[in-house]
Amino acid sequence: MNVQTDNDAMKVKKKQHPRAEAFKNFMYRFRKNKAALIGGILILSFIVIAIVGPFFTPYTFDEQEMTNKLASPSAENWFGTDHFGRDIFSRVIHGMKITLYIGFFSVILGGTVGVFLGIISGYYGRKVDAIIMRCMDVLLAFPGILLALAIVSVLGGSLNNVVIAVAVFSVPVFARIVRSSTLEVKNLEYIDAIKALGASDGRIISKHILPNVMSPLIVQATLNIATAILAASGLSFLGLGADQPTPEWGLMLSDGRNYLFKAPHVAFFPGVAIVCVVLAFNILGDGLRDALDPKMKL
Amino acid sequence: MFTFIVRRLLQTIPVLIGVTILVFSLMHLIPGDPAQIMAGESAPGHQVEAIRDRLGLNEPLPVQYGKYVANLMQGDLGTSIRNSKSVAGEIGSRFWVTVELAVYSTILSIFLGLIAGIVSAVRQYSFADISLMIIALFGLSMPNFWLGLMLMQWFAIGIDVPSWIPFIESTNWFKPSGWGSFSQVVLPVITLGTSGAAIIARMTRSSLLEVISEDYIRTARAKGAKERVVIYRHALKNALIPVVTVVGLQFGGLLGGTVLTETVFAINGMGSLIIDNIQARDFPIVQGTILVVSLLFVFVNLIVDISYHFLNKRIDLND
């Protein structure tokens, strides 16, 4: 009898922690989904380029060669040069870091606030829910980039203010998704059981609700990085983001606008770079949605 | 239906109040003295004081807000700091340009999106489906201002095509700036409508695929109905219901997108009005234009919501 009990105990010990098991499941589904895998590999390589790339570029991002202005793509300058004779290829590689910084940080900032508000709203309900959700409705009443424009017009144009502006307009999206997931989980029986055992609200939220809202959250965050990059480059294009000589792709496109006829390549390559990065995040987001949350559409 | 419309209208009121509070607060959130910023850093004290008086910045905030709303009710959005013209007048001359741009782009995106979505769903996993969905993914990932610049290069300016690009010639069929004639409208509309078309195509495809797998479609097929009839008469009707919502949301996105498109193509619409005046620090115009665009967005969403409930008979209208 004792031997039997020990064996059972061993089996329990060998059984993986539920979270480790969930992660293993996620990795399995992720690997099986080709789109997610391709998107993930692309993004990883962009991160590597952002970190390592600047050490290997033929020129620095602000090195000017006034005798070589607006030169077409060649063996020396793969993407040509701009109106200050700066190497566009080197600037695009240096700009990768800035683009990823904007994408990740605005989503981390907006996501954190959105998740907090969404959970509070869904978990406590009633007046708290009504107040928070009406505020989110107001934010959603502004068409995307317009809210960011309004914020940047107040704070002034700079890279960090663009991050804040883009983060603010992603808050309501996260809050709504997390709220609806929280409402679903909150009404499950096991949450009532945990409450009856005396668990605090903080413990229920952090240990039981948060892990359950992770799937839609990860999918939304990935897709939102793509939106954030597009919005931020748009703001820089309008002259409300990064300052010269920062190699921000939107700003580079804005420079290229004045030389569309004379040097079409100046506006071409930064745009291709934006498309590649945004495309990678969209592919990953689509793949993750299929792998993690097949119920979600678009 | 009537009860639903009334309820939905009532729900819009707090949103409208929130929008006015947020837009009103914009000027007060500026770090530093807004009157000084608008007058310019080197402006003399009496000029700053004059602006402060004109904008009523010396009064308590609730009083300022009350006056702001009272003026709004009478269609008064304030006056420009730069030229003392009425903000409503400045917006009025540009309002229809932006609305036209957004409406034409929406029509184009619905047209292209529906065709691509239906073809993709009907021929799932075919070459056409995969190609269209890849194009849609690109459409979704492209910054519209870049697409605008590229279209301008290839179809309006007539650039010298590099020798390493075969078979392609650049043209100057269309005009690179302005608004009004057909040759001025085409490129901005394509620029703005592309991402919307991509979203509608993806939504139509997934929605149609979901409906096609339902029992009543199988029944229609079993009855011997032609495939064309099954798709267009039975499936599409229900598949389009969620697409209506996406179209509504898209219109809002397009209103935001007009800011960039109008800047690229030098169109005198509300978007370019905002950008010009952010740079000139003329906040009454920025506030007024943002308010008008947002109210337009809220209004469009209201109509979409009502039409969604009208189309979707399965939803209890009083719920």
Side-chain angles (χ1 to χ4, degrees), chain A residues 35 72-73 130 134-135 137-157 169 223 226 229-231 233-235 237-240 249-250 253-254 256-257 260-265 267-268 270-272 274-283 286 297-298, chain B residues 11 14-19 21-23 26-27 29-31 137-138 140-147 149-150 152-153 157-160 162 176 199 202-203 206-207 210 242 246 251-257 259-260 263-264 274-275 277-279 281 283 286-287 290 293-295 297-298 301:
Chain A
S72 296
R134 289 304 77 77
C135 291
D137 285 347
V138 171
L139 288 182
L140 283 172
F142 292 88
I145 199 165
L146 205 67
L147 185 61
L149 264 178
I151 295 164
V152 172
S153 72
V154 168
L155 298 176
F169 91 72
L223 293 171
I229 291 172
L230 284 179
S233 61
L235 289 174
F237 178 78
L238 294 169
L240 300 168
W249 294 341
L253 264 172
S254 174
R257 219 180 124 196
L260 284 182
F261 184 74
K262 230 171 149 186
H265 63 273
F268 179 71
V272 172
I274 298 175
V275 174
C276 291
V277 175
V278 173
L279 193 67
F281 279 104
N282 277 334
I283 293 174
D286 275 4
K297 270 190 198 168
L298 264 179
Chain B
Q11 278 172 358
V15 174
L16 291 180
I17 294 172
V19 168
I21 291 176
L22 203 66
V23 172
L26 277 180
M27 200 186 292
L29 292 171
I30 300 171
L137 202 57
F138 268 96
L140 206 65
S141 309
M142 230 186 289
N144 66 7
F145 50 95
W146 179 70
L147 176 65
L149 290 178
M150 292 300 109
M152 197 192 274
Q153 271 185 352
I157 297 179
I159 54 165
D160 293 328
I199 294 173
R202 282 154 56 98
M203 187 70 201
S206 70
S207 177
E210 207 176 292
V246 174
F251 188 78
L254 290 185
L255 279 176
V259 176
L260 287 154
T263 307
V264 170
I274 295 176
I275 299 304
N277 287 289
I278 285 179
Q279 275 144 5
R281 301 303 232 169
F283 276 95
V286 176
Q287 275 180 311
I290 289 179
V293 177
S294 307
L295 294 184
F297 184 36
V298 171
N301 272 345

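Lettering of chains follows the sequences in order, A, B, ..., and the numbering in each one begins at 1. Here the structure is a predicted model, which means the values were calculated and not measured.
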Response to the item:
Of the listed L254(B), L147(B), V298(B), I275(B), the one with the largest count of heavy-atom pairs under 4.5 Å with chain A is I275(B)
Discussion item. Would you compute the distance between atom CH2 of W146(B) and atom OG of S233(A) and round it to the nearest 0.5 angstrom?
Written reply: 11.5 Å
Practice prompt. Find the one option among L140(A), L240(A), L230(A), I229(A) whose heavy-atom pairs under 4.5 Å with chain B are most numerous.
Written response: L230(A)
Discussion item. Determine whether a donor-acceptor pair (N or O, by modelled atom type, separation under 3.5 Å) exists between the side chain of Q153(B) and the backbone of P264(A).
Written reply: yes
Worksheet item: Which of the residues V278(A), L260(A), L146(A) is involved in the greatest number of heavy-atom pairs with chain B at under 4.5 angstrom?
Response: L260(A)
Item to complete: With a 4.5 angstrom heavy-atom cut-off, could you sort out which part of I145(A) is near chain B: side chain, backbone, both or neither?
Response: side chain
Worksheet item: Rounded to the nearest 0.5 Å, how far does CD1 of I290(B) lie from CG of L149(A)?
Response: 6.5 Å
Discussion item. Which heavy atom of P143(B) sits nearest to which heavy atom of I274(A), and what is that distance?
Written reply: CG-CG2, 3.6 Å
Item to complete: For side chain to side chain contact (heavy atoms under 4.5 Å, CB included), just list the numbers for I278(B) and L238(A), CA-CA rounded to whole Å, side-chain angles, deciding distance to a tenth of an Å, and then say yes or no.
Response: CA-CA 10 Å; I278(B) 285 179; L238(A) 294 169; over 6 Å; no
Discussion item. Counting heavy-atom pairs closer than 4.5 Å to chain A, which one of L295(B), V15(B), I21(B), L26(B) comes out on top?
Written reply: L26(B)
Practice prompt. Taking salt bridge (Lys or Arg N to Asp or Glu O under 4.0 Å) as the test, write out the residues that go with R134(A), two or more places apart.
Written response: D137(A)
Fill in: NZ on K262(A) to CD1 on I157(B), rounded to 0.5 Å
13.5 Å
Worksheet, complete the sentence: If one checks every heavy atom of M142(B) against chain A at 4.5 Å, the contacting part turns out to be both
Worksheet entry | Residue among I151(A), V277(A), V272(A) with most heavy-atom pairs under 4.5 Å to chain B | V272(A)
Worksheet item: Taking V264(B), L149(B), L255(B) one by one, which has the highest count of heavy-atom pairs under 4.5 Å against chain A?
Response: L149(B)
Item to complete: Not counting sequence neighbours, which residues clear ring pair (Phe, Tyr, Trp, His ring centres under 6.0 Å) with F281(A)? List them please.
Response: F104(A)
Worksheet item: Can you say whether F138(B) sits under 4.5 Å from chain A via the side chain, the backbone, both, or neither, judging by heavy atoms?
Response: both
Discussion item. Show the nearest heavy-atom pair for residues V19(B) and A141(A), with the distance to one decimal.
Written reply: CG2-CB, 3.6 Å
Item to complete: Mind checking the OG-CD spacing from S153(A) to Q287(B)? Nearest 0.5 Å is all I need.
Response: 8.5 Å
Item to complete: Take F142(A) and V293(B) through the side chain to side chain contact (heavy atoms under 4.5 Å, CB included) test and state the conclusion after the steps.
Response: CA-CA 8 Å; F142(A) 292 88; V293(B) 177; over 6 Å; no
Item to complete: Let me know if A226(A) has heavy atoms under 4.5 Å from chain B in its side chain, its backbone, both or neither.
Response: neither
Discussion item. Rounded at 0.5 Å granularity, tell me how far CD1 in I283(A) sits from CG in L137(B).
Written reply: 5.5 Å
Worksheet item: Between P143(A) and G256(B), which heavy-atom pair has the shortest distance, and what is it?
Response: CB-N, 3.9 Å
Response to the item:
Taken to the nearest 0.5 Å, the spacing of R257(A) CZ from M152(B) CE works out to 7.0 Å
Worksheet entry | Segment of Q279(B) engaging chain A (4.5 angstrom heavy-atom cut-off) | side chain
